[in-house]
2 protein chains.
Amino acid sequence: MGSPPRKPTMQDVSRLAGVSPMTVSRVLADPQRVTEPTRRRVLEAVAQLRYVPDMVAGSLSSRRTSFIAVILPTLTNANFADTAHGLTEALRPADYQPLIGYTMYRLDEEERLIRAMLARRPEAVVVAGTVHTKAASELLHQAGVPVVEIWERPDRPIDRAVGFSNHEAGRAAARRLIALGHRRIGALGPGIDGAARDFRGEDRLAGFAAALREAGLGDELVLRHGEPPVSFDHGARALAVLLERAGDVEAVFAVSDIAAVGALMECRRRGIRVPEDLSLIGFGDFEIGRQCVPSIDTIRVDAQRIGRRTGELLLALLGKGSPAGEPASLDVGFELVVRETTAAARRERGGEP
Amino acid sequence: MGSPPRKPTMQDVSRLAGVSPMTVSRVLADPQRVTEPTRRRVLEAVAQLRYVPDMVAGSLSSRRTSFIAVILPTLTNANFADTAHGLTEALRPADYQPLIGYTMYRLDEEERLIRAMLARRPEAVVVAGTVHTKAASELLHQAGVPVVEIWERPDRPIDRAVGFSNHEAGRAAARRLIALGHRRIGALGPGIDGAARDFRGEDRLAGFAAALREAGLGDELVLRHGEPPVSFDHGARALAVLLERAGDVEAVFAVSDIAAVGALMECRRRGIRVPEDLSLIGFGDFEIGRQCVPSIDTIRVDAQRIGRRTGELLLALLGKGSPAGEPASLDVGFELVVRETTAAARRERGGEP
DNA sequence: CTGAAAGCGCTTACAG
DNA sequence: CTGAAAGCGCTTACAG
């Protein structure tokens, strides 16, 4: 049996084919630049030895890794999984390899990941969010490659951005509930004192609260509660807290459909009818919100499109796509989706006392 | 402004610190092996230059990339996302970087990915499934690193395996429905004639059909229909086809909870009561099946544990974990979860005609 | 069209 | 404890 066979190198291939390593390199990189018989001999040697090129060496030599660093809060969230999917699809034809990592909503973990990924010399960095540690910001600023912040619209992007205004999404939710005539309006969102932070959810919540205040309504029922990632259970418990604080709450915005579904289940347990007794809006247009009964009103964001547009932007920036003058910042927008969990306030319908 | 500043190298650091590059390398790899004052000077230079080591060069030199290739059918499936999560968590303390790719349930895409990833010289390969193209199998056999096939129990693993028997899971579903007294039993599973194949789903379906036959029941209502990835809509349409073929079907197994939920919705639209008129079992214990009304009976698999155990196995194999004699193949099992969508056959309850 | 030389930025393996 | 030399396996940049 002997010692484990060394992996064949380009040198081994070149010897077997009777050519120089450079010729093997050319055949693999651009077969056209080599005459037909030479090419055939080389490819035969490649096949015979089952040669798999060493991109580690190739990357060092060419100073091109074909890596795109992608940093997300989590993969176990359909929205971010969709974004990763869209991005991967957009990059696939150009043979870029996404290097995916997730932070579990922690800035310290994000910094660690950014550092670890930059060590791999990616050709671009995609990162969800615009809030970073000071060191992480510095690393990104000096990365020397395109940086795209996604899922937000930063005031001062590090480089590029593809996303939407979470603040405005929160405002849209508030406007909808206010327009329905509700006055006692609450919200369920992430806490702001843990190591794990959902800054986008916080931003939606802030926009929601701002819109309430502008309408002359109080924002004291805007709850910041619990650490991300959000869960059904979290939504249920947050609603319970809210009900304890204000049994007369008429309408609630949850910064994620996941929390909204949890809140809906808590309502069912308590015999609170949705939307007759309580209106509910979520965020994210998760499948479960679409399919549950009643189906949940939400703010839809095309998560896959964020990934796809980011990928297209990168291809352009990296010289692999259309040479258009790409905008620094792209807004993919959002959309209010009215379904079965909101209704007009009773007083406006002249309903029960 | 000048030309973009070149990224600092270890050489730059060494010059600034007044030491040799080797000393910088040692400080970064194992600070203890360098005297305190030298170490401090080096770390100061690192900080001042904002030096980020080049792991591409380091990997080539040390022949260690710290990459673990992870190949999954898709990321937009909670089960596989959970597995990726568990694996990443297990590997994190050892500073391995998962290199995640997904095949969209296509074997040709899997082969392409395996080749692309082996070019990155990963220290191990994790791949969902045991069915591969001939070329992919060869690549894995000759990878020269540990290979772990997951989410199945292969008869002849390439190297290691962490998973469970999908065939047995299907049988368990059938046994449950048979024990409830049902005779006209159907199933909804993936088609077997497209480019995208869900071999694990097919295996569950085959186990289910086998159990029906052994019980003396026909398997003609076992439907193989549609390409993965499965969707609600797919489940709904498959059930419609099944009902057309056999309006008197009493019980149905869907190879994924996603399809089961779709089927459940189709029942609602048609006024078919679940479980009174039709019993339903899914697979995977997806959150939506747990939360929908009625909640769906299912076969639970601990997807995150598959990832975690795979990670632990790799750490052991790569000499970073407990030096235990790791088994070649690990069965994480599965569990029948009874909820609200199955009921005894009417004839056994003496129900309506 | 093909090849010899040099070098990418590190770490290994010796020396001192 | 520290360093000089060699080399990892490719590609770049010239030559011919």
Side-chain angles (χ1 to χ4, degrees), chain A residues 5-43 45-46 49-67 95 115-116 118-123 144, chain B residues 5-43 45-46 49-67 95 115-116 118-123 144:
Chain A
R6 191 176 48 81
K7 266 211 159 75
T9 65
M10 192 170 270
Q11 174 117 220
D12 298 326
V13 176
S14 75
R15 266 196 291 259
L16 182 59
V19 296
S20 75
M22 251 331 288
T23 298
V24 177
S25 178
R26 287 199 186 92
V27 169
L28 265 27
D30 182 8
Q32 316 290 10
R33 281 176 35 198
V34 165
T35 58
E36 153 70 14
T38 309
R39 188 192 322 155
R40 241 201 14 242
R41 286 221 311 287
V42 168
L43 289 176
V46 164
L49 294 176
R50 288 160 170 71
Y51 171 66
V52 177
D54 186 336
M55 278 193 76
V56 178
S59 295
L60 177 60
S61 185
S62 68
R63 318 184 59 59
R64 291 204 48 221
T65 59
S66 300
F67 277 134
D95 270 335
R115 203 181 297 275
L118 287 180
R120 306 289 188 172
R121 297 298 188 260
E123 298 185 37
Chain B
R6 189 177 48 81
K7 267 213 159 75
T9 66
M10 191 169 272
Q11 175 118 218
D12 298 325
V13 175
S14 75
R15 266 197 289 259
L16 182 59
V19 298
S20 75
M22 250 332 285
T23 298
V24 177
S25 178
R26 286 198 186 93
V27 169
L28 265 28
D30 182 9
Q32 317 290 10
R33 280 175 36 198
V34 166
T35 56
E36 153 70 13
T38 310
R39 188 193 320 155
R40 241 203 11 243
R41 287 220 313 286
V42 168
L43 290 177
V46 164
L49 294 176
R50 287 160 170 70
Y51 172 66
V52 177
D54 186 336
M55 280 193 74
V56 179
S59 295
L60 176 60
S61 186
S62 68
R63 318 184 61 58
R64 294 203 46 222
T65 60
S66 300
F67 277 134
D95 270 336
R115 203 181 298 275
L118 287 180
R120 305 289 187 170
R121 297 298 189 260
E123 298 185 37

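In the text below, chain A, chain B and the rest are named by the order of the sequence lines, each starting its count at 1.
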In whole angstrom, give the distance that lies between atom CE of M22(A) and atom P of dC10(D).
12 Å

Separation of R15(B) atom CZ from dA4(D) atom P, in whole Å?
13 Å

R63(B) CZ - dT12(C) C1' separation (whole Å):
11 Å

Round to the nearest Å and state the distance from L49(A) atom CG to dG9(D) atom P.
14 Å

What's the spacing between S61(B) OG and M55(B) CE if we round to 0.5 Å?
12.0 Å

Judged by nearest nucleotide, the residue sitting upstream toward the 5' end of DNA chain D, V52(A) or T38(B), is T38(B)

Below the 4.0 Å mark, does dT11(D) have OP1 or OP2 next to a side-chain nitrogen or oxygen of S25(A)?
yes

Under-4.0 Å side-chain N/O to phosphate OP1/OP2 contact, Y51(A) with dG9(D):
no

Is there, by distance only and without an angle test, a donor paired with an acceptor across the side chain of R26(A) and the base of dG3(C) below 3.5 Å?
yes

With the side chain counted from C-beta on, respond yes when T38(B) and T23(B) share a heavy-atom pair under 4.5 Å apart, and no when they do not.
yes

Can a side chain N or O of T23(A) be found less than 4.0 Å away from OP1 or OP2 on dT2(C)?
no

Give a yes/no answer on whether the side chain of S61(B) brings an N or O atom under 4.0 Å of OP1 or OP2 in dG7(D).
no

Which of dT2(D), dG9(D), dG3(D) is nearest the side chain of V34(B)? It is dT2(D)

Interatomic distance, R33(B) CZ vs dG3(D) C1' [rounded to whole Å]
13 Å

Once you round it to whole Å, what is the distance between P of dC10(C) and CG of L60(A)?
9 Å

Are any side-chain N or O atoms of T65(A) and backbone N or O atoms of R121(A), one a donor and one an acceptor, separated by less than 3.5 Å?
yes

So, is S20(A) near the phosphate of dA4(C), with a side-chain N or O under 4.0 Å from OP1 or OP2?
no

Under-4.0 Å salt bridge between D12(A) and R6(A)
yes

Interatomic spacing from CZ in R15(A) to OG1 in T9(A) - rounded to 0.5 Å
6.5 Å

Can you see if the side chain of R39(B) gets near the phosphate of dC1(D) - specifically, an N or O under 4.0 Å from OP1 or OP2?
no

So what does S59(B) hit on the nucleic acid, given a heavy-atom distance under 4.0 Å: a base, only sugar-phosphate, or nothing?
nothing

